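We count ligands from 1, going down the list as the structure has it; atoms in each ligand are counted the same way. We count residues from 1, following the sequence as given. None of the values given here were measured: they were computed from a predicted structure.
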Amino acid sequence: MASDPLSLPAIHASHVGIWIADTHGRVQRVGRGEAIAAVAATPHLLLNATLTGDRLGYPELSGLDLLELFAFLYPARFAVPTPAGIAATIGITPPKTEEDIAAFLPQATAAMLAGIDDPAWPEREGAWHGMQALARQCWPWAPLVQPRPTAPDANERWLFARLPEWEEAPPRAAPRQVRVNPDDVTARLDRLTGDGAERRPGQQEYARATAAIFEPRERKDAPQMLVAEAGTGIGKTLGYLAPAKQWIDQSAGSVCISTFTKALQRQLSRETERLYPDAATHREKVVVRKGRENYLCLLNLEDALQGGFSGRAAILAQLVARWAAYTRDGDMVGGDLPGWLPALFRRNGTTALTDRRGECIYAGCPHFRKCFIERSARAATQADIVIANHALTMVQAARPRDGGAPATRLIFDEGHHLWDAADSMFAAALTGQEAVEIRRWVLGPEGKSRGRRRGLAARLADVASYDEAGERAIQAAIAAAAELPGDGWLGRLSENDPWGAIERLLAAVRGQVYARAVDTRTADAGYGLETELADPDAALVAAAAGASDAVEALLRPLLALGKRLEALIEDPPDWLDGQARARVDGARHSLGTRVDTLGSWLSLLGRVGGPADPDFVDWLAIDRYDGREFDCGLHRHWLDPARPIADIVYRPAQGVLVTSATLRSGHGAQGWTEADIRTGARHMDGSVRHFAVPSPFDYARQSEIIIVTDLARGDLPALAGAYSRLIEASGGGALGLFSAIRRLRIVHARIADRLARAGLPLYAQHVDPLDTGTLVDIFRADPHASLLGTDALRDGVDVPGESLRQVIMEGVPWPRPTILHAARRAAQGGNAYDDMVIRGRIGQAFGRLIRRADDFGQFVMLSPSFPSRLLSAFPEGTPIRRLPLDEAVNHVAAANVERRKTAFPAFSPS
Ligand code: SF4
């Protein structure tokens, strides 16, 4: 291979066309067949092989991917994975048109490789060793990169030597009881927003109101609780951070801020830098925490580097090792690992690098003292501010771990999502997949599985060899776990040849679901199938009895083992040194989680053929994707999932703030009633305060709502046509929201090429092989781009400025008519419940549109029969027009022209 990148061929493929730059830099537009023949014959430079392969219709495409080179040279650095994004990050001129991209790629490669010769290259340490390992894996870049970094001296620290060790610290004392003076809060807010910044009365009122949650609690189980709605643009985060920091300084306490989306976690991490301007202090005082499955497990990485991975996955492991040496916190999902990196490897291997199955061996692990998860958990006990997510905050409230006083003040931002977060967190499911997980946790890997994964006996080897009662319990658990489904269970079910008590139960569930469920033959056909757990047939009742015995047989020894481990900690024998103690402690915790799961299974099984519990909704389901089954079992959800939030999370706290821009899904007092239902505040004995401050935005001037009145429901060609015309009319900058993935895909397939030819790239969740965060980054960076997506885009996208100027909703987001929804609907007022859910969703979608005082945008609802009663989902005073499509398109186009003349002079659509 040529060692000069400027003499390598390069390819760029998009919805517009395909271009190849030859080895002399001549660019030619080529057809698909010619392009595939060229890339199959010679490795080409390209940017994002997965996406390019997708555009070529050639998924096996490989070559010299600039994104892989970027990940090697600049680990843990952010870049939008497009030619313009890479150009901006490395400081070169971006290509002007699609035609220029193929010729740009060799230039960008040369600039990146030249950086290796720069003595100031910050990520030099470890590069030489990483390069040698990648060369052994035949990484396509190796011949170009390998000659460049000079061999380091023998003392260079490589990954595991480079990572710092965490230190044990004494538990944090309980906070002092203090009162926060509202004037101090105002002064603090002024300092945080900056001298000379315009005072925002709404933000100040909000900050003073939220200070109430820091007052001393007056009664046990009755925290100082405030439910506060702060319209978009108030500056809510600094509004609550100001009293929080005032209280932290006075009380020496700690505050937990919980969010639903990773995007808000990132934003909060940045905003808290104003509280702690010194970077080292910020790292110590503010800790972002996520579930352990988000973090890199160093032991799994070591396994992967030492031969556990092969082929492309082995290259990914090397690039992850480069990143691990430079990451801030080891967070692989939404942290500083580029979201696009796993997608380049088709996610092959990424999950095996995290600790997804609870197989951590804690102090038995050689990397325990450097482990990212352990470091983050310890750092959180010492931090002033812990930024967590709703699920983790609930888990920790439900199963607190030892280690210092927990945060007594809780702030739930994105509080409108508490209901959904609790709905998953406090649910129970006895399904094939769940049972396989528990079997693996007890028995370890079976069959041909590779790697270090080990079962309970290996994790507790010292208990097994020194403690007779412990060893008996472990062996009994192993014998009982063998009754749970193992590999191949789905195949056995489809052949009606179940093995063991749980598989027999699943077979009976499957039979009953197929007998009773209604396949809707709608957009969701081929996906979930479900039926109520009511009047079960005799086969299911008998199978449930057998399954109960099997679950109890496993639960008994696990409970005994848990008691044994507790006794060892309380009265430690000689052999229990510090390491063994930490191992036993870790095992106790993961044991507790499994014991809880098995307990929930028993109560669910007791329900089969028994009386219904009015607090729960139980059903049987088969999970399918495109008609292919992947799971099956029994499910139980709380009828009102906000109840356990109140009991488990709110009551033990001293102060709780639940806040959001859209807590009330409508105007007026009725809104608070609904907010109290959705947040669980109604279960708090009337001691909850409410506060609302409207958005400072002038929605009447900055936005309008267009309801398209002549689009027939279910007419997909017409729907695609409407999206295409509206996107063209606004010159891109559109966020298209769908309720069903199938419709999204059909619309995208019909319009993407046409829009691309007009210079308006269209990206889509569930279509483009990129993670949601990366898609939003690309959308944000290009004002001509548009993005289609589903719920995740409706709820958490923050794209201020000209990149987002139109939101198009495919219709009223009716809730799916599931058994769970029907039960809640019946319990909470029928249509009124539906309306509350829909208004919440529409309010969220509308909330994406105006993020700044200088934003302007249109919200288009493609629904001819949009009910007037739902209009209260929009901010009061926003103009609403009901127009046929032709007029709507003209209206959007006219507004776009007007906008270019006034608000966004820099904007010039193609
Ligand atoms: S302590 Fe556990 S999670 Fe951490 S690196 Fe070791 S095995 Fe992985």
Side-chain angles (χ1 to χ4, degrees), residues 157-169 287-309 313 316-318 320-337 349-381 388 392 395-396 399 401-403 437 440-445 449-463 565 577-594:
R157 297 167 308 160
W158 192 62
L159 170 61
F160 296 107
R162 198 175 189 279
L163 293 172
E165 294 197 340
W166 46 259
E167 305 280 339
E168 285 290 7
V287 171
V288 176
R289 284 223 66 198
K290 296 181 182 175
R292 57 186 303 126
E293 67 284 356
N294 288 277
Y295 294 91
L296 173 69
C297 164
L298 290 169
L299 194 53
N300 285 354
L301 176 63
E302 189 181 35
D303 276 352
L305 296 176
Q306 291 179 349
F309 281 13
L316 172 67
Q318 292 294 343
V320 169
R322 276 284 285 157
W323 162 80
Y326 290 92
T327 174
R328 177 189 153 117
D329 58 4
D331 175 5
M332 291 185 75
V333 191
D336 52 14
L337 181 77
T350 335
T351 41
L353 292 174
T354 53
D355 178 42
R356 285 196 164 256
R357 293 182 173 155
E359 289 154 333
C360 174
I361 50 174
Y362 298 93
C365 167
H367 310 299
F368 184 59
R369 294 295 308 276
K370 297 178 177 212
C371 172
F372 291 117
I373 302 168
E374 294 298 321
R375 177 153 18 124
S376 141
R378 276 164 182 78
T381 64
L392 186 66
V395 168
Q396 290 188 328
R399 302 186 202 104
R401 278 190 83 168
D402 311 336
E437 280 300 303
R440 275 204 199 119
W441 180 80
V442 178
L443 299 183
S449 315
R450 296 172 58 180
R452 165 193 54 87
R453 302 207 170 96
R454 307 188 295 174
L456 192 57
R459 284 197 297 275
L460 287 171
D462 35 14
V463 175
L565 298 183
D577 58 15
Q579 291 243 326
R581 188 192 163 92
R583 203 156 44 238
V584 167
D585 238 357
R588 258 172 76 208
H589 188 68
S590 56
L591 192 68
T593 312
R594 270 74 194 184

Q. At a 4.0 Å threshold, what atoms of ligand 1 neighbour a non-hydrogen atom of Ile373?
A. 3 (S)

Q. Under 4.0 Å from any heavy atom of Leu299, which atoms of ligand 1 are there?
A. 5 (S), 7 (S)

Q | Metal check, atom 6 (Fe) of ligand 1 vs Cys365 N/O/S, cut-off below 2.8 Å | A | yes

Q) Between Asn294 and Gly291, is there a donor-acceptor pair closer than 3.5 Å when you use the side chain of the first and the backbone of the second? A) yes

Q) Which of the numbered atoms in ligand 1 are below 4.0 angstrom from a heavy atom of Cys297? A) 3 (S), 5 (S), 7 (S), 8 (Fe)

Q. Is the backbone N or O of Tyr295 less than 3.5 Å from a side-chain atom of Lys290, with the two atoms forming a donor-acceptor pair by type?
A. no

Q: Could you tell me whether any N, O or S atom belonging to Cys360 is less than 2.8 Å from atom 2 (Fe) of ligand 1?
A: yes

(Q) At less than 2.8 Å, would any N/O/S atom of Cys371, backbone or side chain, sit next to atom 8 (Fe) of ligand 1? (A) no

Q) Would you find a donor on one side and an acceptor on the other, under 3.5 Å apart, between the side chain of Asp303 and the backbone of Gly308? A) no

Q. Does NZ or CZ of Arg375 fall inside the cone over Trp166's six-membered ring, less than 6.0 Å from its centre and within 45° of the axis?
A. no

Q. Quick check: does any side chain N or O of Lys370 sit under 3.5 Å from a backbone N or O of Leu163, one acting as donor and the other as acceptor?
A. yes

Q) What residues, two or more places apart in sequence or in another chain, satisfy side-chain contact (heavy atoms from CB on, under 4.5 Å) together with Asp336? A) Ala76, Trp323, Thr327, Arg328

Q) Arg292 near ligand 1, heavy-atom distance under 4.0 Å? A) yes

